[in-house]
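Data first, discussion second: the structure below is written as structure tokens.
Letters A, B, ... mirror the listed sequences (proteins, then strands); counts begin at 1.
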Number of protein chains: 4
Amino acid sequence: MKTPNPARRSERSRQAILGAAFDLVAESGYARLTIEAIAARAGVGKQTIYRWWPSKGAVFVDAFLSRTSDEEGNLALPDTGDLRADLRLVLRAIVDEYNDPGLDTMSRALIVESLNDPAINTEITARIMEPHLEATRERLRGAQRAGQVAEDADLGVAVELLYGPVYHRWILRTAPLTHEYADTVVEFVLGALRVTQAPR
Amino acid sequence: MKTPNPARRSERSRQAILGAAFDLVAESGYARLTIEAIAARAGVGKQTIYRWWPSKGAVFVDAFLSRTSDEEGNLALPDTGDLRADLRLVLRAIVDEYNDPGLDTMSRALIVESLNDPAINTEITARIMEPHLEATRERLRGAQRAGQVAEDADLGVAVELLYGPVYHRWILRTAPLTHEYADTVVEFVLGALRVTQAPR
Amino acid sequence: MKTPNPARRSERSRQAILGAAFDLVAESGYARLTIEAIAARAGVGKQTIYRWWPSKGAVFVDAFLSRTSDEEGNLALPDTGDLRADLRLVLRAIVDEYNDPGLDTMSRALIVESLNDPAINTEITARIMEPHLEATRERLRGAQRAGQVAEDADLGVAVELLYGPVYHRWILRTAPLTHEYADTVVEFVLGALRVTQAPR
Amino acid sequence: MKTPNPARRSERSRQAILGAAFDLVAESGYARLTIEAIAARAGVGKQTIYRWWPSKGAVFVDAFLSRTSDEEGNLALPDTGDLRADLRLVLRAIVDEYNDPGLDTMSRALIVESLNDPAINTEITARIMEPHLEATRERLRGAQRAGQVAEDADLGVAVELLYGPVYHRWILRTAPLTHEYADTVVEFVLGALRVTQAPR
DNA sequence: AATTAACCGAGACGGTACGTCACGTCTTTTA
DNA sequence: TAAAAGACGTGACGTACCGTCTCGGTTAATT
């Protein structure tokens, strides 16, 4: 097993592969994605894919990231000073994303790969979820500094309190994801953050 | 397309198939589960599987349920009158389940199938998740009647506030799932439930 | 590795595979023959070929035999009493076969496979060459009984003396294979066998 | 299409390639010989092979010749005056060569390439077989001049009568190649040539 | 009790995709 | 500017499973 030399890598092929993978998932869903189809669509040999990616899932994660990373330059949450308004805004936006059929399909595919492959799980968490969570934590930190949030509140858990319910409902489809729902979650979270002490 | 007659179904084969499916997932993971392997292990013709189940995922869901349904007769949460203690108990139990390698593997497999196949999603939600959520909702309703929880609190969302964060952390593996973490979430939820008013 | 059950074998597929293999060699030569092409042309899954034949060469040998075995019912050489005439006839016929482009291609392919694969060599020798050599030996035995051939002549070597030169020239293409050449070889062989009759 | 300049050719690479090709065939047989393996073993770029040889077979023929040409400076047959003895000597030597596993493998590989590729067939015939046949023809010519062989005997065919049977038996493996067999063939040939000397 | 329909095990079949190998071409870097 | 190194598009390999389709051979339930 040789390790290929990245300096000699064909950028043209890389782009074509990522583009083909992304488009194929958009058209037929992730379950029907095959390496052969990616190679055919990209006009590329299968070996070129196997040379640079360890699995189909890894290709797709890369494809997803290269398509979405452009816009996500600024992950920072708005800080209008009104925490309630800012959180509503971001949670409603997330609800909208999950309600977009295209993004919904992609995101579910990402979760599936993440569940099947620890390496991909690590990458997705690090490159997609963590930055997002950190941006939200940062916003809460600001509110904490402004005295709007209890000083001893664990903000790492707080962001999960915010996103977890939406995530849970999205994956399990237990009920529709609406703006109203987002607002309700925000109210609960705001209530939780005003708690100043935890026994024991 | 014939519809087979359930009366003539071989119970022996049904058991063998479910057992084989369960064991194979336990041994090699859900991703490596194949119909052929189930049939071979169960000493059964492939057609017998295709006759009674629409997909590999459906077999596995059945297998999972038939193995776990024994114990789950009593889903009701304890009601000691101490809501904090009761919620901690149940959330710590869930954390323990997710930390059990066997159950972890099975549960992730269930989620994967659920994400890939709407029919299975419906079944899993209805047969596994909903009963559990409802039991928790029932416990909160009791607390609400006892005046420990704000009267206007949306308990459907409240249970998601409780389980969502754990679920989020479990799937994404953003951080370890500990009893301490469970307790922290419970504190937040208790704080949220004491909020008596929601603006707008 | 399971051994398949010949009773369940599809005769239709077998025929289609042999036909496709034969036609493909006739069209493009043996070097360009592939299992994939045979499967595609025969409308058959590749596995069906791998299930019943150990190699591409084995398929081709079978194909060749099933196409030629019809005519070869009577391998016996003519016995007009005139050994010279009979041997000329058979050696000229062989020269004609080697000069037929189709048969030439097929026969060279057979030799190549025979050289590469001992199992195929055994089969070709036993099923194609030996019967032919034996028929010729039988004719010489008759002549020996009739006193036209020296009593102590080793007829097994004699038939090689007859066919070997033609074979040598055919494979190495050292010179053209003509009827005249065949006749010359026959004369030498008759001389070697101490046959005293005058030529022409 | 550039024609490379032979003056700039690397002698070191040429030697390494021929050596690698020869050794690889000796180790694993001709069927498993690949250009990639030759290049790797020789520490040479694949292009260097493609630049100077038209095919894998051509490399091997060159490799074979460069390994064997050293010894074959003198192809001339012995001429002791005793034709029987001289022919026995040369035919027994050939039988010995075919019975040597290494030479057997190489020679079969040569025949395979010769059958597959007319260009190689021409080269092998001209550079290996023809010189040998001509040397034998020359010996027979001497015998003819000495009155030991019929004046009108076609010596071109006569040498095929000598080598053809051995060749036939070697390729088809119809029976073992022994010295006794060689002697028997010689006797037949001497008979065919009307040589009158008594055997032994 | 004999008949008959179904389910059953077994596994061959036409397919699709896998991941690998080697081909012959092409490009970059080194000497 | 040939040579080494090796990435590339291509195509075939042999394997794993898919879901469908016969085959006998048990079972039931019906005659």
Side-chain angles (χ1 to χ4, degrees), chain A residues 1-10 12-13 16 32-40 42-52 54-56, chain B residues 2 4-10 12-13 16 32-40 42-52 54-56, chain C residues 1-10 12-13 16 32-37 39-40 42-52 54-56, chain D residues 2 4-10 12-14 16 32-40 42-52 54-56:
Chain A
M1 183 61 74
K2 295 271 189 57
T3 11
N5 176 356
R8 297 241 182 284
R9 181 168 189 180
S10 159
R12 199 216 128 265
S13 295
R32 281 202 248 292
L33 184 68
T34 66
I35 297 271
E36 302 226 309
I38 297 172
V44 136
K46 281 197 288 176
Q47 204 58 51
T48 302
I49 299 180
Y50 286 110
R51 193 159 18 236
W52 301 110
S55 69
K56 183 178 69 173
Chain B
K2 291 262 185 68
N5 177 359
R8 288 176 152 270
R9 181 169 189 178
S10 158
R12 200 219 127 262
S13 295
R32 281 202 247 293
L33 184 68
T34 66
I35 296 272
E36 303 227 312
I38 298 172
V44 137
K46 283 197 288 175
Q47 202 57 252
T48 303
I49 300 178
Y50 285 111
R51 191 158 21 234
W52 301 109
S55 69
K56 181 179 69 175
Chain C
M1 183 62 73
K2 295 269 188 60
T3 11
N5 177 357
R8 295 239 183 282
R9 182 166 188 181
S10 159
R12 200 216 127 264
S13 296
R32 279 201 248 292
L33 184 68
T34 66
I35 296 272
E36 302 226 311
V44 137
K46 280 197 288 176
Q47 203 59 51
T48 302
I49 300 179
Y50 287 110
R51 188 151 31 226
W52 300 111
S55 70
K56 184 178 68 173
Chain D
K2 290 259 187 69
N5 177 359
R8 292 192 155 255
R9 181 169 188 179
S10 157
R12 197 218 130 263
S13 295
R14 201 187 128 268
R32 280 202 249 293
L33 184 68
T34 67
I35 296 272
E36 304 226 311
I38 298 172
V44 136
K46 283 196 288 174
Q47 201 56 249
T48 303
I49 300 178
Y50 286 111
R51 198 166 5 243
W52 301 110
S55 70
K56 183 178 69 175

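OP1 or OP2 of F/dA3 has at least one side-chain nitrogen or oxygen of D/Trp52 nearer than 4.0 Å. Contact annotation: D/Ser13 side-chain N/O to F/dA2 OP1/OP2 distance is not under 4.0 Å. The side chain of B/Arg12 places an N or O atom within less than 4.0 Å of a non-bridging phosphate oxygen (OP1 or OP2) of E/dG9. Here A/Thr48 does not reach the OP1 or OP2 of F/dA7: none of its side-chain N or O atoms lies under 4.0 Å away.
As a whole-Å value, the separation of A/Ile38 CD1 from E/dG19 C1' is 14 Å. When the P atom of E/dG11 is taken as reference, atom NZ of B/Lys46 falls 12 Å away, rounded to whole Å. Whole-Å rounding puts the B/Tyr50 OH to F/dC17 P distance at 12 Å. Per the geometry, CD1 belonging to B/Ile49 stands 15 Å off P belonging to E/dG11, to the nearest Å. A/Asn5 places its CG atom 10 Å from the P atom of F/dC8, with the value rounded to the nearest Å. Remark: P of E/dC13 and CD of C/Gln47 are 10 Å apart, rounded to the nearest angstrom. For the pair C/Arg8 CZ and F/dG24 C1', the interatomic distance rounds to 6 Å; values are reported in whole Å. Put simply, CD1 on C/Ile35 is 13 Å from C1' on F/dT15, counting in whole angstrom units.
In this structure, of E/dG14, F/dA4, E/dC13, it is E/dG14 that holds the atom nearest to the side chain of C/Val44.
When every heavy atom of D/Trp52 is checked against every heavy atom of D/Pro6, the shortest pair comes out as CH2-CA, 3.7 Å. Between B/Ile38 and B/Ile49, the shortest heavy-atom contact is CG2-CD1, 3.7 Å. Contact between A/Ala39 and A/Gly45 at its shortest, heavy atoms only, is CB-C, 4.2 Å.
When the nearest nucleotides of DNA chain E are assigned to A/Lys56 and C/Pro4 by heavy-atom distance, the more 5′-ward of the two goes with C/Pro4. Summary of the strand contacts: D/Thr34 and B/Glu36 both lie near DNA chain E, and taking for each the nucleotide with the nearest heavy atom, the more 5' one is attributed to B/Glu36.
Looking only at distances, a side-chain donor or acceptor of C/Lys56 sits under 3.5 Å from a matching main-chain atom of C/Leu33.
Taking CZ of A/Arg51 as the start and CG of A/Asn5 as the end, the distance is 11.5 Å to the nearest 0.5 Å.
Using a 4.0 Å heavy-atom distance criterion, D/Arg51 is classed as a base contact.
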